[in-house]
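A, B, ... follow the sequence lines: proteins, then strands. Residue 1 opens every chain.
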Amino acid sequence: MAGPKPRTFKGTRDFTPAEMIPRERLIERIKRVFRLYGFSPLETPALEMLSVLAGKYGEEGDKLLYKLDYKNDDFSSRVALRYDLTVPLARVVAAHPEWPMPFKRYQIQPVWRADRPQIRQGRFREFYQCDVDTVGAEEGLADAEILALTIEMLDELGFESGDRRAIVQLNHRRLLEAVCVRCGQPRERLADFSRALDKIDKIGREGVNDELARIGITGDGLARLDEVLESAGPNVAPLEVADRVRALFPGDPAATAGVDGLVTILRALDDLGAPLARISLNPALARGLDYYTGAVFETVLPAHPHIGSLTGGGRYDELIGLYGGADVPATGTTIGLDRMFAAMEQLGMVASAGATVTRVLLAAYSDEQVPACLHAVRAFREAGVPCELFPKAGKLKKPFAHADKLNIPFVAVIGPDEATHPDGLHVSLKDLSTGAQETVALAAAVKRAREAVLSS
RNA sequence: GUCCGAGUAGUUCAGCUGGUUAGAACGCCUGACUGUGGCUCAGGAGGUCGUGGGUUCAAAUCCCAUCUCGGACCCCA
């Protein structure tokens with residue numbers, strides 16, 4: 001008679017109150033920055049027509065789509081769980097050519113990938129993305145704004161210095177294309193080439209050489225790649241890197257377009273007051289998704305390479321046009337909420353908040369005091385203090401132990417003495433962190449609890 | 001998709017080369033404390049040792065299969 005095991009599907013998980021409380025706080029902080037930059041909320045369905053998603057992410061991405069066959073064999077009715085939030089955005093925008101441009105939206109929703117989960121890396125099959133995108137603006141300010149916002153958010157969350165310091169890496173698809181050609185490869189090999197190059201942080205220059213050898217780049221090609229990689233370095237300012245790279249490609253249209261794009265973005269970033277020291281122009285950065293056409297960026301924690309990128313994005317000027325209308329330029333980034341949260345947990349940046357939002361637990365000494373307790377509960381709630389009555393009167397040990405376990409800061413007891421106090425209803429308010437307890441009028445107790453709640 | 005490692009109380013694990021009733025810590029419940037948590041102390045509940053098969057007088061322990069979980073690749077948030 002054993003029922004099914006109460007487990008979640010591989011790579012998915014429940015979020016307990018103890019996890020949701022800091023998680024919601026994190027989401028609020030991210031949203032606040034999004035709104036500050038003028039992005040408005042959008043939501044789209046979890047399910048998309050398969051035809052909308054297929055072929056947008058590259059070979060790997062297509063394999064990772066969760067496909068559903070809800071009417072057998074009818075291909076036109078096939079649907080899939082969304083893989084990211086960018087492609088759904090492109091669909092929405094393509095469906096509304098009348099919308100005023102630029103269109104700036106943020107979107108915080110789960111996405112699904114049929115991946116092999118790896119918890120320590122903050123990698124799941126169901127995870128939340130927080131996307132911000134600007135549609136209808138050419139390369140430049142819009143991209144700079146996305147990056148400025150990214151840095152501002154990272155700093156606000158505490159990824160500013162020491163081993164928590166996050167770096168935003170920046171590159172450009174056109175430049176990558178030029179580098180590929182420079183190494184003697186046809187443009188068609190760009191995907192293989194970039195994939196190999198992108199691993200440089202993980203497997204080092206030697207490893208990259210091995211990979212490149214496999215696609216036929218050796219000797220001279222490697223030397224020409226070296227010149228490009230040497231122009232960047234951990235302590236070289238991004239604009240300096242841009243100058244050096246430009247000098248390596250005189251008259252090359254792709255490289256010039258790429259470098260020009262990057263320089264425009266960097267100048268705008270500087271004008272926006274963003275710290276350029278947090279930007280690293282990395283000619284090896286590739287990013288996997290097919291739809292990027294211009295600048296690409298991602299955030300890494302140099303001190304914690306195993307965690308993977310915290311954010312990732314780029315410009316995709318040709319994606320929206322795939323839905324039949326005109327091309328509309330667009331750029332944006334994704335904040336990986338779960339990866340961010342995993343990083344914050346591993347770096348001790350998440351304060352354990354306890355498993356409840358309740359701040360005051362009312363306890364009745366006996367059933368006679370329950371009405372007085374309910375009266376008090378109402379008073380706390382009217383003052384904005386989250387509060388509840390322990391449902392069983394008597395045995396004060398129970399509510400106290402309960403409050404202790406859930407980290408509720410205050411217990412308010414009402415017994416015969418408090419209920420029949422000559423100066424009106426009193427409560428005995430105990431601060432569980434200090435153990436201090438005093439019997440005061442209800443209004444005074446509410447005031448004290450309110451002050452404590454506001455200051456935390 | 002490829003390659004490793006692990007599955008024993010609610011949780012984290014111990015249990016050596018097979019040998020009586022399978023243990024610890026933490027957690028949980030009760031009491032010491034008939035108006036009060038955390039600390040201490042005394043009790044208590046809780047396990048078909050992932051599942052199926054095999055070897056053996058005897059299997060948590062050895063072998064095979066299977067499922068699940070974790071890690072490294074690949075890729076990505």
Side-chain angles (χ1 to χ4, degrees), chain A residues 2 5-11 13 57-64 82-86 108-131 150 191-192 194-196 198-199 202-203 207 211 285-290 292 296-301 306-314 332-343 361 363-366 368-369 390 393-419 427-439:
Chain A
K5 290 266 187 312
R7 59 199 179 98
T8 59
F9 179 57
K10 189 185 183 70
R13 56 248 212 274
Y57 303 106
E59 220 178 298
E60 280 297 325
D62 274 5
K63 272 193 266 178
L64 299 180
R82 66 171 164 243
Y83 178 92
D84 71 355
L85 302 178
T86 307
I108 301 177
Q109 289 190 276
V111 303
W112 294 268
R113 294 182 189 177
D115 225 356
R116 187 85 194 260
Q118 235 139 80
I119 307 318
R120 200 171 77 101
Q121 298 178 9
R123 178 171 163 169
F124 307 92
R125 285 182 170 170
E126 175 184 72
F127 60 98
Y128 271 72
Q129 293 198 324
C130 312
D131 273 41
T150 301
D192 289 334
S194 342
R195 203 174 307 126
D198 196 42
K199 290 184 210 162
K202 257 188 191 167
I203 61 180
E211 294 264 331
L285 175 70
R287 314 258 338 126
L289 299 177
D290 268 8
Y292 294 124
V296 289
F297 24 85
E298 74 177 26
T299 301
V300 293
L301 297 173
H306 76 266
I307 291 180
S309 51
L310 260 35
T311 80
T333 195
T334 297
I335 318 294
L337 186 71
D338 299 277
R339 196 162 278 185
M340 183 92 80
F341 202 78
L361 183 68
Y365 174 69
S366 70
E368 281 82 77
Q369 285 84 44
F390 191 78
K395 281 275 188 196
L396 292 177
K397 190 182 178 63
K398 300 253 189 192
F400 272 93
H402 189 249
D404 187 57
K405 273 181 269 194
L406 296 187
N407 256 304
I408 298 173
F410 293 99
V411 173
V413 179
I414 299 182
D417 298 345
E418 290 86 352
V427 302
S428 292
L429 187 70
K430 182 166 185 177
D431 179 338
L432 293 210
S433 62
T434 63
Q437 175 174 324
E438 53 180 338
T439 303

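- With a cut-off of 3.5 Å on both pairing distances, A59(B) has no Watson-Crick or G-U wobble partner at all.
- Per the geometry, NZ belonging to Lys10(A) stands 7 Å off P belonging to U68(B), to the nearest Å.
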* Using a 4.0 Å cut-off on protein heavy atoms (strictly under), produce a 5'-to-3' string for nucleotides 2-7 of chain B with B for base contact, S for backbone-only sugar-phosphate contact, and - for none. => BB----
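- Straight-line distance from the CG atom of Asp62(A) to the C1' atom of G1(B): 15 Å, rounded to whole Å.
- Minimum heavy-atom separation, Pro416(A) to Tyr365(A): CD-CD2, 3.5 Å.
- Heavy-atom distances to RNA chain B give each of Gly312(A) and Arg123(A) a nearest nucleotide, and the one nearer the 5′ end belongs to Arg123(A).
- Heavy atoms from other residues, nucleotides or ligands lying under 6.0 Å from OH of Tyr128(A) number 12 at most.
- Under the Watson-Crick and G-U wobble criteria, each requiring two contacts below 3.5 Å, nucleotide A25(B) is paired to U11(B).
- Backbone-only engagement by Leu310(A) is indicated by non-hydrogen atom pairs under 4.0 Å involving sugar-phosphate atoms exclusively.
- On a pure distance criterion of 3.5 Å, no polar donor-acceptor pair joins the side chain of Arg195(A) and the base of C74(B).
- Residue-level contact check: Tyr128(A) touches neither bases nor backbone, having no heavy atom under 4.0 Å from any strand.
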* To do: Classify every nucleotide of nucleotides 31-38 of chain B by which part a protein heavy atom approaches to under 4.0 Å, writing B for the base, S for the sugar-phosphate alone and - for neither, in 5'-to-3' order.
  => S---BBBB
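- A salt bridge links Asp192(A) to Arg195(A): one of the charged nitrogens lies within less than 4.0 Å of a carboxylate oxygen.
- Put simply, the side chain of Trp112(A) does not reach to within 4.5 Å of the side chain of Arg125(A), judged on heavy atoms.
- If you measure from atom CZ of Arg113(A) to atom P of C74(B), you get 17 Å, rounded to the nearest angstrom.
- With hydrogens and angles disregarded, no donor-acceptor distance shorter than 3.5 Å links the side chain of Arg13(A) to the backbone of Thr8(A).
- Comparing C13(B) with G7(B), their P atoms sit 9 Å apart, to the nearest whole Å.
- Straight-line distance from the NZ atom of Lys398(A) to the P atom of C28(B): 12 Å, rounded to whole Å.
- Listed for the Arg82(A) side chain is a donor-acceptor partner under 3.5 Å among the backbone atoms of Pro110(A).
- Within 4.0 Å (heavy atoms only), Thr311(A) reaches sugar-phosphate atoms of the nucleic acid but no base atom.
- Separation of the C1' atoms belonging to G1(B) and C16(B) is 39 Å when rounded to the nearest angstrom.
- Atom name P, nucleotides A32(B) and G18(B): the rounded distance is 50 Å, in whole Å.
- In this structure, the side chains of Thr334(A) and Leu85(A) stay at 4.5 Å or more apart for every pair of heavy atoms.
- Smallest separation of non-hydrogen atoms from Leu432(A) and Asp404(A): CD1-N, 4.0 Å.
- Distance noted for atom P between A42(B) and A6(B): 38 Å (whole Å).
- On the C1' atoms, C3(B) is 44 Å away from A45(B), given to the nearest whole Å.
- Distance check on atom C1': C67(B) versus U51(B) gives 7 Å, rounded to whole Å.
- Going from the P atom of U17(B) to that of C29(B) covers 38 Å, rounded to whole Å.
- The nucleotide G5(B) finds its pairing partner in C69(B), both defining distances of the Watson-Crick or G-U wobble pair being shorter than 3.5 Å.
- Using a 4.5 Å heavy-atom threshold, the side chains of Lys430(A) and Phe410(A) count as separate.
- Distance check on atom P: A72(B) versus C57(B) gives 45 Å, rounded to whole Å.
- Proximity of Gln118(A) to the phosphate of G70(B): no side-chain N or O atom is located under 4.0 Å from OP1 or OP2.
- Rounded to an integer number of Å, the gap from CG of Asp198(A) to P of A77(B) is 10 Å.
- Considering only heavy atoms from C-beta on, Leu285(A) comes within 4.5 Å of Asp198(A) through its side chain.
- The residue Ile119(A) sits close only to the backbone: its heavy atoms come under 4.0 Å of sugar-phosphate atoms, none of a base.
- Of all nucleotides present, none satisfies the Watson-Crick or G-U wobble test against C39(B) with each distance under 3.5 Å.
- For the pair Ile108(A) CD1 and A77(B) P, the interatomic distance rounds to 17 Å; values are reported in whole Å.
- Across the strands present, G52(B) finds its partner in C64(B); the criterion is a Watson-Crick or G-U wobble pair with both atom distances under 3.5 angstrom.
- For Lys398(A), the NZ atom counts as loosely surrounded, since its 6.0 Å shell holds 12 or fewer non-hydrogen atoms of other residues, nucleotides or ligands.
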